[in-house]
Amino acid sequence: MAHWLFQEEHEMLRKSVRSWVEKEIKPYVEQWEEQGEFPRQLFKRAGELGFLGLTYPEEYGGSGEDYLAGAVFFEELARCGSAGVAAGLGASMAIAAPQIYKFGSEELKQRFLVPTITGEKIGALGITEPNAGSDVASIATTARDDGDCYVVNGSKMFITNGVRADYVVTAVKTDPAAGHKGISLLVIEKGTPGFGVAKKLEKLGWNASDTGELYFEDCRVPKANLVGQENAGFYYIMKNFAWERLVMALQAVAASQLALEEAIKYAQQRVQFGKPLSKFQVTRHKLADMASLIETARSLTYYALSLFVAGEDADTAVAMAKIYACETANKVTDEAVQIHGGYGYMMEYPVQRYWRDARIGTIGGGTTEIMKEIIVKKMIK
Ligand SMILES: Cc1cc2nc3c(=O)[nH]c(=O)nc-3n(C[C@H](O)[C@H](O)[C@H](O)COP(=O)(O)OP(=O)(O)OC[C@H]3O[C@@H](n4cnc5c(N)ncnc54)[C@H](O)[C@@H]3O)c2cc1C
């Protein structure tokens, strides 16, 4: 039965995304994980099918659906079993492009948002630096005013799509003395002299997505590439965090569900002491605990999503949902490996990947500890 939050049109969309994922993504996941990236063509295909434009208006090539449609897309995408694929598509569509759509000039929208929606351009969001992660205000990449350009110097770390992105929405300090009030966002294009990829990073999980360390050396960026107002970047970054964190929570729930399904399947097949594991009460209770955790995570995440969609203050609920859903994914995928025994440790079984992929959830997009700070700040003024 469909959840009350979603309407018939959302369930129709769910069906079509599920069928696309089953046919065009799932069969290739192992290969892409090994290659360390999925084909660029997948962005184009997702664009062609209208998925990258779900939450954007028709005038930019989108379909003008609500965020519930976006949520359905990300939930179903997670069912491909490779969080790296979801991370790559998500970083372009739901993390980089929203900054341009919500705050950028019409010119930036035409140059970058429109081709992101068609899948012709890949976007990335570059905030984190080698010495600035949770503490966004302490970024050290500078953009010096030089006539009609900014001159950018610095580096970025752990950037999803960073290696092959056509543009990076980059957080820079335009007023280094002003802390978080001196941050701006610049769209920096691939091929701009002085901008390059220092390294493609090797990771524990999310292996089908590329993650880059980027450098900027006297990189001249036209002022037309400034997103919104100078020195308003910190506010813009914070504004889109709710959606990014909701997407992470939704995907954590979907990935946990996938791990549970694998564990149930395996527990019914594997025979020890003359009976399937699913007949042992210990295993049965583990499965019941996993299902209960997932259901609680899903309810909390949908509650946060409902507030967000209604335009209410969702920050506390989103932070709670991200913590609970991502911690649940860690626990559930770990238990799924345990139920698989030694086979769970082997690369030929997907649960090892679910376990590795889940681990980033409590770190990326704001750590569990930072989410708790957000929650408590509203409790104690
Ligand atoms: C695979 C991957 C993809 C990523 N993609 C992107 C991307 O596309 N764009 C981007 O900009 N960034 C990206 N990131 C970076 C990610 O957002 C950061 O890793 C995250 O914000 C944490 O920052 P950090 O790694 O520097 O950890 P730190 O901030 O150094 O934190 C280390 C530990 O200290 C804790 N801690 C820090 N401050 C406090 C505090 N005040 N109170 C209590 N505990 C605290 C943290 O919770 C954590 O446990 C990605 C990271 C990874 C691993």
Side-chain angles (χ1 to χ4, degrees), residues 1-18 21 46 49-79 86-87 89-104 109 113 116-117 125 235-257 294-326 328-329 361 364-366 371 374-375 378:
M1 196 180 70
H3 191 273
W4 60 263
L5 193 52
F6 299 101
Q7 310 302 315
E8 203 184 324
E9 65 264 24
H10 299 123
E11 293 313 317
M12 278 163 62
L13 172 69
R14 187 182 297 286
K15 258 194 188 161
S16 83
V17 181
R18 189 170 285 202
V21 166
L49 294 168
F51 297 146
L52 299 182
L54 281 170
T55 54
Y56 297 104
E58 286 175 19
E59 59 183 306
Y60 299 113
S63 49
E65 311 274 345
D66 54 14
Y67 277 101
L68 292 174
V72 165
F73 173 69
F74 283 111
E75 279 183 326
E76 291 305 319
L77 188 57
R79 291 192 61 85
L89 292 174
S92 191
M93 166 197 181
I95 297 177
Q99 298 292 348
I100 296 171
Y101 168 57
K102 288 183 193 161
F103 311 110
K109 285 178 192 153
L113 176 64
T116 302
I117 288 172
L125 180 67
Y235 164 76
Y236 299 158
I237 293 166
M238 295 302 143
K239 259 317 230 194
N240 196 52
F241 260 146
W243 178 233
E244 176 180 347
R245 289 168 182 162
L246 267 174
V247 167
M248 290 187 73
L250 288 160
Q251 295 199 317
V253 173
S256 303
Q257 181 67 40
I294 295 169
E295 214 42 64
T296 317
R298 184 180 287 120
S299 296
L300 184 53
T301 303
Y302 282 176
Y303 167 65
L305 178 63
S306 70
L307 292 182
F308 180 78
V309 171
E312 290 180 34
D313 179 0
D315 289 352
T316 299
V318 168
M320 288 176 177
K322 181 175 184 290
I323 295 172
Y324 199 84
C326 295
T328 290
M371 293 304 99
I374 292 172
I375 296 166
K378 294 224 172 173

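Given the structure is predicted, the values throughout are model-derived calculations rather than measurements.
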**Report entry** Nearest-0.5 Å distance, CD1 of residue I117 to NZ of residue K109
**Finding:** 10.5 Å

Requested in this report: Determine yes or no for a side-chain-to-main-chain donor-acceptor pair under 3.5 angstrom, with K322 supplying the side chain and A242 the backbone.
Outcome: no

Query raised in the report: Roughly how far, to the nearest 0.5 Å, is CD1 of I100 from OH of Y56?
Result: 8.5 Å

Query raised in the report: Does any N or O in the side chain of E65 come within less than 3.5 Å of the main-chain N or O of G70, such that one atom is a donor and the other an acceptor?
Result: no

Report task. Rounded to the nearest 0.5 Å, what's the gap from CG on L89 to CZ on F51? Could you check? Result -> 11.0 Å

Report summary line: Heavy atoms of P98 and M93 approach each other most closely as CD-O, 3.4 Å

Requested in this report: Locate the shortest heavy-atom distance separating I95 from L125; write the atom from each residue and the value.
Outcome: CG2-CD2, 3.4 Å

Requested in this report: In sequence, state the C-alpha distance, the side-chain angles, and the governing distance for Y302 and L307, and then conclude on side chain to side chain contact (heavy atoms under 4.5 Å, CB included).
Outcome: CA-CA 9 Å; Y302 282 176; L307 292 182; over 6 Å; no

Query raised in the report: Does atom NZ of K378 have more than 12 heavy-atom neighbours, drawn from other residues, nucleotides or ligands, at distances under 6.0 Å?
Result: yes

Query raised in the report: Any chance CZ of F6 has more than 12 other-residue heavy atoms, nucleotides or ligands included, within less than 6.0 Å?
Result: yes

Report task. Would you indicate whether the side-chain heavy atoms of I323 and I375 approach each other to under 4.5 Å? Result -> yes

**Report entry** Beyond-backbone contact of D66 with H10, side-chain heavy atoms, under 4.5 angstrom
**Finding:** yes

Report summary line: Nearest heavy-atom approach of A304 to A321 is CB-CB, 4.1 Å

Query raised in the report: Tell me, do F241 and D315 make a side-chain contact under 4.5 Å, heavy atoms counted?
Result: no

**Report entry** L13/L54 under side chain to side chain contact (heavy atoms under 4.5 Å, CB included): CA gap, chis, key distance, verdict
**Finding:** CA-CA 10 Å; L13 172 69; L54 281 170; 4.0 Å; yes

Query raised in the report: Taking all non-hydrogen atoms of both residues, which atom of A325 and which atom of A249 are closest, and how far apart?
Result: CB-O, 3.6 Å

Requested in this report: Nearest 0.5 Å please: distance from the OG atom of S306 over to the OH atom of Y67.
Outcome: 15.5 Å

Report task. Check step by step if side chain to side chain contact (heavy atoms under 4.5 Å, CB included) holds for R245 and I374. Result -> CA-CA 13 Å; R245 289 168 182 162; I374 292 172; 3.4 Å; yes

Report task. Ignoring hydrogens and angles, tell me if any N or O in the side chain of K239 forms a donor-acceptor pair with the backbone of F103 under 3.5 Å. Result -> no

Query raised in the report: Under 3.5 Å, side chain of N240 to main-chain N/O of A97, donor-acceptor pair present?
Result: no

**Report entry** pair V253-T328: side-chain heavy atoms closer than 4.5 Å
**Finding:** no

Query raised in the report: Any side-chain heavy atom of R298 within less than 4.5 Å of one from Q257?
Result: yes

Report summary line: CH2 of W243 to OG1 of T55, rounded to nearest 0.5 Å, is 6.5 Å

Report summary line: Heavy-atom nearest pair, G50 first then S63, reads O-OG, 4.4 Å

Report task. Dump the intermediate steps for side chain to side chain contact (heavy atoms under 4.5 Å, CB included) on L52 and T116, then the final yes or no. Result -> CA-CA 8 Å; L52 299 182; T116 302; 5.8 Å; no

Query raised in the report: Between OG1 of T301 and CE of M248, what distance do you get to the nearest 0.5 Å?
Result: 12.0 Å

Report task. Assess whether atom CE of M238 is packed by more than 12 heavy atoms of other residues, nucleotides or ligands within 6.0 Å. Result -> yes

Query raised in the report: Is the number of heavy atoms from other residues, nucleotides or ligands within 6.0 Å of NZ (K15) greater than 12?
Result: no

Requested in this report: Considering non-hydrogen atoms only, spot the tightest contact between A71 and L305 and give its length.
Outcome: CB-CD2, 3.7 Å

